[in-house]
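Read through the structure below, which is laid out as structure tokens, and then see the notes.
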Amino acid sequence: IDANFDKESLKINSTSHSMELFYKEDGKMHFEFANIMLPDSGTDFEKSQGYVSYSVKLKNNLPIGTQLKNTAFIYFDFNLRHFVSMILRI
């Protein structure tokens, strides 16, 4: 999570399945859906999806034009990670 966000304000809004949130030693957030066992999308598209929705506040007094960077890696089983990246400006 970008350093311009107030990590203490993080709130989990909803999840598709039970999950645990923890922070790794490097400060990165880690959402873990243990034993989620999703069917493949060809078998059941709706049930093949998992998600987590969260909200987090910005730190105070950020200047206009501040970039908010977010990067996510999604792992399925023991396969290679899928990269997701987003940059927002305020």
Side-chain angles (χ1 to χ4, degrees):
I1 191 167
D2 191 283
N4 291 309
F5 289 109
D6 176 8
K7 289 181 185 178
E8 298 299 318
S9 72
L10 183 86
K11 177 186 170 199
I12 302 299
N13 299 319
S14 63
T15 63
S16 59
H17 299 78
S18 296
M19 67 92 196
E20 289 187 54
L21 165 66
F22 58 91
Y23 290 91
K24 293 192 166 204
E25 291 178 17
D26 58 8
K28 293 178 182 175
M29 293 180 357
H30 182 94
F31 299 98
E32 184 172 329
F33 293 85
N35 300 316
I36 191 170
M37 305 299 287
L38 298 175
D40 69 82
S41 59
T43 302
D44 190 333
F45 182 76
E46 291 298 319
K47 291 183 180 177
S48 72
Q49 301 178 47
Y51 73 88
V52 59
S53 170
Y54 66 90
S55 56
V56 62
K57 295 180 181 179
L58 297 173
K59 289 185 176 176
N60 292 326
N61 303 315
L62 294 175
I64 293 175
T66 299
Q67 287 190 355
L68 307 171
K69 299 177 183 179
N70 188 36
T71 302
F73 296 100
I74 303 169
Y75 296 85
F76 296 99
D77 303 318
F78 298 102
N79 297 316
L80 295 175
R81 66 186 184 187
H82 296 270
F83 177 71
V84 179
S85 181
M86 180 186 307
I87 298 176
L88 306 172
R89 293 175 198 247
I90 58 169

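Predicted model, so just to flag it, every value in this text is computed and none were measured.
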Summary of side-chain hydrogen bond (donor to acceptor under 3.5 Å, both in side chains) pairs that have at least one residue in residues 39-50, sequence neighbours excluded: D40-T43
Throw together a table of side-chain donor-acceptor distances under 3.5 angstrom for residues 52-60, partners on residues two or more places apart or in other chains.
residue : atom : partner : partner atom : Å
K59     : NZ   : A3      : O            : 2.9

Any chance you could measure D2, atom CG, to T66, atom OG1, to the nearest 0.5 Å? 9.0 Å
Summary of salt bridge (charged side-chain N to carboxylate O under 4.0 Å, His left out) pairs that have at least one residue in residues 28-37, sequence neighbours excluded: D26-K28
Correct closest heavy-atom pair for Q67 and N4 would be O-ND2, 3.5 Å
Residues which pass side-chain hydrogen bond (donor to acceptor under 3.5 Å, both in side chains) with D6, listed by chain and number, not counting sequence neighbours: none
For the student: nearest non-hydrogen atoms of S16 and G50, plus distance: OG-CA, 3.1 Å
Looking only at heavy atoms, the pair that brings F33 and S18 closest together is CD2-O, 3.5 Å
With hydrophobic residues grouped by side-chain heavy-atom distances under 4.5 Å, do F5 and L62 end up in a single group? yes
Do I12 and Y51 belong to the same hydrophobic cluster, where Ile, Leu, Val, Met, Phe, Trp and Tyr are linked whenever their side-chain heavy atoms lie under 4.5 Å apart, directly or via other members? no
Would you mind listing every ring pair (Phe, Tyr, Trp, His ring centres under 6.0 Å) that reaches into residues 6-30, with sequence neighbours excluded? F22-H30
